[in-house]
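Given the structure is predicted, the values throughout are model-derived calculations rather than measurements. What you see below is based on every heavy atom in this structure, not just the backbone, and it leaves out hydrogens, waters and symmetry mates.
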Amino acid sequence: MAEVTTPPIDLFYWPTPNGWKITIMLEECGLPYAVHPVNIGKGDQFKPEFLSISPNNKMPAIVDPDGPGGQPISVFESGAILQYLGRKTGKFYPSDERGRVEVDEWLFWQMGGFGPMLGQTHHFRQYAPEKVPYAIERYTNETHRLYGVLNERLKDREFVCGDYSIADMAIVGWAKLWERQGQDIAEFPHVKRWLDVMLARPAVARGLEVKVDQPPMDLATDKDAQKMLFGQRARAG
């Protein structure tokens with residue numbers, strides 16, 4: 001009998017906290033995948049072939065050649081990809097409704113708050129062409145509040161939802177950058193304990209180490225990349 005091989009999932013990726021969510025999940029699940037770099041500083045996200053699978057011109061996105069019914073499916077938005085892979089594999093995403101609701105709550109907490117607010121903190125502390133004290137204070141304080149929420153959540157459980165899940169994978173890539181967010185991790189001992197456990201997982205380490213064969217982008221100094229990422233407006237169809 002011929003061996004059945006699983007076709008790799010095509011991952012459209014750049015090494016950022018949102019991209020790491022998916023490499024971590026793929027590594028944890030042991031799914032084969034092929035990385036397709038989307039150089040967001042050069043405008044790859046606006047190419048028609050990428051927009052056909054990610055109309056919001058954001059990475060990550062995937063194309064699974066072995067989707068529902070054995071037919072290919074494309075998925076964009078990192079949270080939706082995590083949920084899809086969890087359902088596909090039956091791993092790290094509960095099958096019971098109560099458990100799934102709990103994971104969804106914390107996944108959406110990351111998608112709606114812990115990612116966007118920390119991203120704004122990165123922007124105004126690291127990349128903005130002028131230092132705006134109000135914006136720096138506003139987003140640094142909100143980031144501090146969110147770490148406090150996470151710290152309280154983790155005070156009596158090993159992982160965010162008790163068992164290790166896609167919620168942890170969604171959060172870790174952002175949380176490991178606490179220094180550039182102006183935070184002191186010692187203020188959040190439960191987050192620190194969790195973060196140490198997360199970063200010690202071999203699959204998490206592999207996911208965070210996925211590179212692209214392109215020159216690194218320094219948003220602090222690359223003016224063209226800043227214009228590409230921070231000056232976007234709606235594009236004519």
Side-chain angles (χ1 to χ4, degrees), residues 4-40 43-97 99-116 118-119 160-161 163-174 203-204 206-212 229 232 234-235 237:
V4 177
T5 58
T6 302
I9 290 173
D10 292 306
L11 170 62
F12 298 84
Y13 167 87
W14 198 249
T16 71
N18 287 331
W20 293 330
K21 297 176 191 176
I22 312 308
T23 51
I24 290 170
M25 180 60 167
L26 291 166
E27 291 288 343
E28 290 282 13
C29 292
L31 290 170
Y33 63 100
V35 173
H36 303 273
V38 179
N39 191 327
I40 56 178
D44 288 354
Q45 66 271 37
F46 299 112
K47 292 180 178 179
E49 58 269 30
F50 181 68
L51 289 173
S52 68
I53 61 171
S54 184
N56 194 37
N57 61 262
K58 303 287 185 182
M59 70 86 220
I62 65 167
V63 175
D64 182 3
D66 184 28
Q71 298 300 309
I73 187 173
S74 63
V75 190
F76 75 100
E77 286 295 329
S78 58
I81 298 169
L82 289 173
Q83 291 175 319
Y84 169 75
L85 294 174
R87 292 191 299 269
K88 176 184 175 72
T89 62
K91 296 179 179 180
F92 311 114
Y93 193 36
S95 58
D96 67 286
E97 185 62 13
R100 184 163 288 183
V101 166
E102 184 177 22
V103 170
D104 284 346
E105 287 176 327
W106 287 93
L107 176 63
F108 280 79
W109 175 83
Q110 187 283 314
M111 296 290 296
F114 199 73
L118 274 57
V160 172
C161 295
D163 293 331
Y164 182 52
S165 74
I166 59 174
D168 300 282
M169 300 179 205
I171 295 167
V172 67
W174 289 98
V204 172
R206 291 194 302 271
L208 293 172
E209 290 169 0
V210 174
K211 309 296 184 186
V212 292
L229 291 173
Q232 294 181 25
R235 296 190 168 215

### Message
With rounding to the nearest 0.5 angstrom, report the CZ to CD distance, Phe92 to Glu28.
### Response
4.5 Å
### Summary
Nearest heavy-atom approach of Trp106 to Ala167 is CB-CB, 4.0 Å
### Query
Is there side-chain contact between Asp64 and Tyr84, with at least one heavy-atom pair below 4.5 Å?
yes
### Message
Measuring only between side-chain heavy atoms, which start at C-beta, is Arg100 closer than 4.5 Å to Arg87?
### Response
yes
### Task
Starting from the C-alpha separation in whole Å, work towards a yes-or-no answer on side chain to side chain contact (heavy atoms under 4.5 Å, CB included) for Met59 and Phe50.
CA-CA 9 Å; Met59 70 86 220; Phe50 181 68; 4.0 Å; yes
### Message
Is there a side chain to side chain contact (heavy atoms under 4.5 Å, CB included) between Asp44 and Phe12? Walk through the geometry before answering.
### Response
CA-CA 10 Å; Asp44 288 354; Phe12 298 84; over 6 Å; no
### Message
Just verifying a value: how many Å separate Lys91 NZ and Leu31 CG, rounded to the nearest 0.5 Å?
### Response
7.0 Å
### Summary
Residue pairs passing the side chain to side chain donor-acceptor pair (under 3.5 Å) test with at least one member in residues 69-80, sequence neighbours excluded, are Lys21-Ser78
### Task
Verify, without hydrogens or angle tests, whether Tyr13 (side chain) and Val210 (backbone) share a donor-acceptor contact under 3.5 angstrom.
yes
### Summary
Rounded to the nearest 0.5 Å, the CG atom of Leu85 sits from the NZ atom of Lys88 at a distance of 8.0 Å
### Query
Going through the distances and angles, do Val212 and Trp14 end up as a side chain to side chain contact (heavy atoms under 4.5 Å, CB included)?
CA-CA 7 Å; Val212 292; Trp14 198 249; 3.5 Å; yes
#### Entry: Over all atoms of both residues, closest heavy-atom pair of Cys161 and Val103
SG-CA, 3.7 Å
### Query
What distance do Asp168 atom CG and Ile24 atom CD1 have between them, rounded to the nearest 0.5 Å?
10.0 Å
### Task
Among residues two or more places apart or on two chains, list those pairs meeting side chain to side chain donor-acceptor pair (under 3.5 Å) that have a residue in residues 48-57.
Asn57-Gln232
### Query
Roughly how far, to the nearest 0.5 Å, is the CG atom of Asp66 from the CD1 atom of Ile73?
11.0 Å
### Task
Supply the atom-to-atom distance Thr16 OG1 to Lys58 NZ, rounded to the nearest 0.5 angstrom.
10.5 Å
